[in-house]
Amino acid sequence: MDNKQISEEKINEIRKSVDIVDVISTYLPLTSKGRNFFGVCPFHADHSPSMSVSKDKQIYRCFSCGASGNVLKFIMDYENISFVESLKIVSELGGIELNVKGISKPINKNTELYEIFDLSHKLYQNNINTEQGLEAKKYLKDRNIDNEIIKEFEIGLSLKNNKILTSMLENKNYKKNTMLNTGLIGENDKGIHDVFYNRLMFPLYDLTGKVVSYSGRIFDSEEKPKYLTTKETEIFKKGELLYNYHKAKDYARKQNQIIIMEGFMDVIAAYKVGIKNVVATMGTAVTKEQAILIKRLAKEVILLFDGDEAGEKATFACSDELSKIGVIPKIVRLENNLDPDDYINKFGEKKFIEKLNNPISVLDFKLTYLKKNKNLDDNIDFASYINSAINETSKIEDEILVELTLQKLSSESNISINVLRDKLNKLKTNTEDKNNIEVKKEINKNEITSEKNLLYYMLNSKEVVTIFSNNAVYLPTEEYRLLAKEIVAIYKETKEVNIADIMTTLFDNESYMKTINKLLSLELKDEYKKEDITSYIREISIYNIKKEKDRLKSLMHMEIERDKKSEIAQKITELKKQQLELEKEGYENGK
Ligand SMILES: [Zn+2]
């Protein structure tokens, strides 16, 4: 995070200009419970309200995945944008002027990769508009891709010569390794060369809309492969991206519906008929990261994959991945093995939109799918169908839908509905038990409570920070010791201590954030008594003394020289005295 050009004060002023509860509730529904607000966490796979938002502390925290931060961090992660961009959004919400023009872009280790993609992007787009691009444009036109679509999707062209981009980059003095790392330049025994030549260039974007890869398509020959995509790189990881995400997110949120397709050509086909709330998975099996991105886009999710068997399989797998995080998609299947573009060409725009407006439930889709290729007259096949059907039903939360499905299965199978329901209930209890065990594993750590409690209050109180500094107590656990040091430093610099601002300073440091999160999970009362703080410090001191005593004792056992032995013994007696004193003090204070 590079926020050095904006003063800490300005950042804090901007953060304070909005209420985190107001802001987060524009992204997800929050319900209030006591002093806090709760909602479904958008950062992990879940469907119960595991995220709490504190109005007092101006922070959010997820009990389940550990995501936490202030309003700036929330917007950053939700929108997949940089710190400065998030700051800009919040400053606008809060009506605070912020001039970001003078702020230099964060220096990222991948800056050069982005630069090279930017250069290549300009080059390819320019090519298609020259005379040499005429043939490519004609090819696109024959496929109903007009100038408007070319512009919208920034389609470009790489020319027949495979040295153009290479020499351009060489002239700009990029290192060979950097060039190779983009995936745009390759190397053979003749040296380095452009990977893409004589291809239509479809840029692939990251979540923020930066070009990070291309799919290059052959258009004037039978050369193989038909499509060529850059290899995965530092900035291009297929499983973390959704094609068209940066453009679709606003449409999806407005319509509260997102359509998921297989490839970028499908998205282009959808645009041709005016559908813009659409993203593509880029042909890979949908990952958990992608599922979470989809979940953030809209409540209604429609899967519209190719009509062939591969598309059917992908639909099944994708609905599974989504249902794990509580998203129950709706399904559209296209007949005759067609993909969206072919379908529109064959049956027309109207029929396509009609299909889209009448999706089937995921359960209906799955039950049909499970029946496929099974001989239901065969007892074993039939039993396996019923078992998988029950398994699928167990993933559904809608009670009415569950009941209807059980009825259907019962009449189909002649098995009593009670038997089916029993089976379903058993399945559900098993999964819940498993989840509970996993939660329990998390807790139960061997640390001293006083240390954690002390830090908990240091996160929000100048007074506690001052008491801590004055006592110069040594914190035995390293992660707490380091965090305490940071808090003291922040206090010295800003004369302020509050958790939301501490998070601004520390949120790009994963280990500090983890520690803060652990502390927040203590959920202590916000008010504290001064005696409590002194007793925490006392207990930590006693703990340290005991540790030191143990260390000295084992040292003494190993010592052979008499003088040294008695010297150590003396030290131990000294420590014992100190310990007793502290214990007495605690006793007198009722601790
Ligand atoms: Zn979470």
Side-chain angles (χ1 to χ4, degrees), residues 113 116-117 119-147 149-170 176 179-205 211-233 236 238 241 243-244 261-269 272 280-284 306 308-311 314 337-345:
L113 298 191
I116 291 175
F117 269 97
L119 288 167
S120 65
H121 190 41
K122 282 181 185 130
L123 170 73
Y124 298 146
Q125 274 182 288
N126 183 54
N127 288 345
I128 203 167
N129 288 317
T130 63
E131 200 158 321
Q132 299 178 82
L134 287 177
E135 201 187 332
K137 274 201 168 168
K138 185 180 173 299
Y139 171 91
L140 289 171
K141 197 149 195 251
D142 290 343
R143 275 145 196 85
N144 293 319
I145 295 178
D146 57 19
N147 273 329
I149 296 283
I150 293 177
K151 241 184 165 169
E152 175 81 50
F153 290 94
E154 304 180 305
I155 303 167
L157 175 71
S158 56
L159 301 178
K160 282 183 181 152
N161 180 333
N162 75 348
K163 281 283 185 194
I164 299 180
L165 181 62
T166 306
S167 16
M168 189 170 128
L169 298 177
E170 277 173 338
K176 187 172 112 186
M179 291 194 248
L180 293 173
N181 285 343
T182 61
L184 294 173
I185 306 298
E187 187 176 29
N188 57 22
D189 42 10
K190 285 185 211 120
I192 56 170
H193 59 85
D194 297 10
V195 167
F196 294 92
Y197 52 92
N198 201 27
R199 282 174 186 266
L200 280 166
M201 300 299 286
F202 294 89
L204 307 179
Y205 309 87
V211 179
V212 291
S213 170
Y214 293 97
S215 188
R217 196 195 193 291
I218 285 294
F219 65 97
D220 68 347
S221 72
E222 292 299 307
E223 207 177 306
K224 292 271 156 74
K226 206 157 82 176
Y227 284 102
L228 181 67
T229 306
T230 33
K231 62 177 186 186
E232 297 227 328
T233 63
F236 175 56
K238 274 191 187 172
L241 303 180
Y243 179 76
N244 203 44
M261 292 181 159
E262 267 183 62
F264 65 90
M265 285 306 278
D266 302 323
V267 172
I268 294 177
K272 287 196 279 190
T281 59
M282 314 227 271
T284 50
D306 292 359
D308 59 6
E309 218 180 304
N337 293 337
L338 293 173
D339 67 27
D341 199 26
D342 293 336
Y343 191 92
I344 294 166
N345 292 335

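Heavy atoms only: backbone and side chains are in, while hydrogens, waters and symmetry mates are out. Start at 1 with the first residue, then count along the sequence.
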(message) Using the salt bridge (Lys or Arg N to Asp or Glu O under 4.0 Å) criterion, which residues pair with D341? Sequence neighbours excluded.
(response) K272

(request) Would you mind reporting whether I145 and M265 have side-chain heavy atoms less than 4.5 Å apart? (result) yes

(message) Any heavy-atom pair between the side chains of D339 and E262 that's under 4.5 Å?
(response) no

(request) Could you pull out all residues at least two apart from K160 that satisfy side-chain contact (heavy atoms from CB on, under 4.5 Å)? (result) N198, D220

(request) Drop me the distance from N147's CG to E152's CD, to the nearest 0.5 angstrom. (result) 13.0 Å

(request) Would you indicate whether the side-chain heavy atoms of V267 and F153 approach each other to under 4.5 Å? (result) yes

(message) Within the structure provided, determine whether F196 and T230 are in side-chain contact (heavy-atom separation under 4.5 Å).
(response) yes

(message) Does any part of the side chain of M261, heavy atoms only, come nearer than 4.5 Å to the side chain of Y243, both counted from C-beta?
(response) no

(message) Tell me every residue that passes salt bridge (Lys or Arg N to Asp or Glu O under 4.0 Å) with K238, counting only those two or more places apart in sequence or in another chain.
(response) none

(message) I want to check something: taking the side chain as every heavy atom from C-beta on, are N345 and N144 in contact at a cut-off of under 4.5 Å?
(response) yes

(request) Taking side chain to side chain donor-acceptor pair (under 3.5 Å) as the test, write out the residues that go with S120, two or more places apart. (result) Y214

(message) I need the full list of salt bridge (charged side-chain N to carboxylate O under 4.0 Å, His left out) pairs touching residues 124-141, with sequence neighbours left out, sorted by first then second residue.
(response) K138-D142

(request) Please name all residues satisfying side-chain contact (heavy atoms from CB on, under 4.5 Å) with N337, sequence neighbours left out, ordered by chain then number. (result) D308

(request) Using the test salt bridge (Lys or Arg N to Asp or Glu O under 4.0 Å), find all partners of K122 that sit at least two apart in sequence or belong to another chain. (result) D118

(message) Quick one: does any side-chain atom of T233 pair with a main-chain N or O of N181 as donor and acceptor, under 3.5 Å?
(response) no

(message) Using 0.5 Å steps for rounding, measure from the CG atom of N244 to the CD1 atom of I268.
(response) 9.0 Å

(request) Under the side-chain contact (heavy atoms from CB on, under 4.5 Å) rule, collect the residues that match up with V195, sequence neighbours excluded. (result) L228

(message) Is there a side-chain contact between V212 and L241 in this structure, where contact means two heavy atoms from C-beta onward sitting under 4.5 Å apart?
(response) yes

(message) How long is the straight-line distance from OG1 of T182 back to CZ of F117, given to the nearest 0.5 Å?
(response) 5.5 Å

(message) Would you say that P340 contacts D306 through its side chain, given a criterion of any heavy-atom pair below 4.5 Å between the two side chains?
(response) yes

(request) Any chance you could measure M201, atom CE, to L157, atom CG, to the nearest 0.5 Å? (result) 9.0 Å

(message) Which residues pass the side-chain contact (heavy atoms from CB on, under 4.5 Å) test with I192, not counting sequence neighbours?
(response) T166, E170, K176, M179, L180, I185, E187

(request) Locate the shortest heavy-atom distance separating I344 from A269; write the atom from each residue and the value. (result) CD1-O, 3.9 Å

(request) Give a yes or no on whether the backbone of H193 and the side-chain of N162 come within a donor-acceptor separation of less than 3.5 Å. (result) no

(message) Test your reading of the model: is there a side-chain donor-acceptor pair from D266 to the backbone of G263, 3.5 Å cut-off?
(response) yes

(message) Using the side chain to side chain donor-acceptor pair (under 3.5 Å) criterion, which residues pair with H121? Sequence neighbours excluded.
(response) Q125, E154

(message) Could you measure the distance from the OG1 atom of T229 to the CG atom of L204? Nearest 0.5 Å is fine.
(response) 6.5 Å

(request) Describe, in one word, how the ring planes of Y227 and F264 are oriented to each other, choosing from parallel (under 30°), tilted (30 to 60°) and perpendicular (over 60°). (result) perpendicular

(request) Just jot down the side chain to side chain donor-acceptor pair (under 3.5 Å) partners of Y139, sequence neighbours excluded, or say none. (result) R143, R217

(message) Distance check, rounded to the nearest 0.5 Å: L140 atom CG versus I128 atom CD1?
(response) 5.5 Å

(request) Not counting sequence neighbours, which residues clear side chain to side chain donor-acceptor pair (under 3.5 Å) with Y124? List them please. (result) none

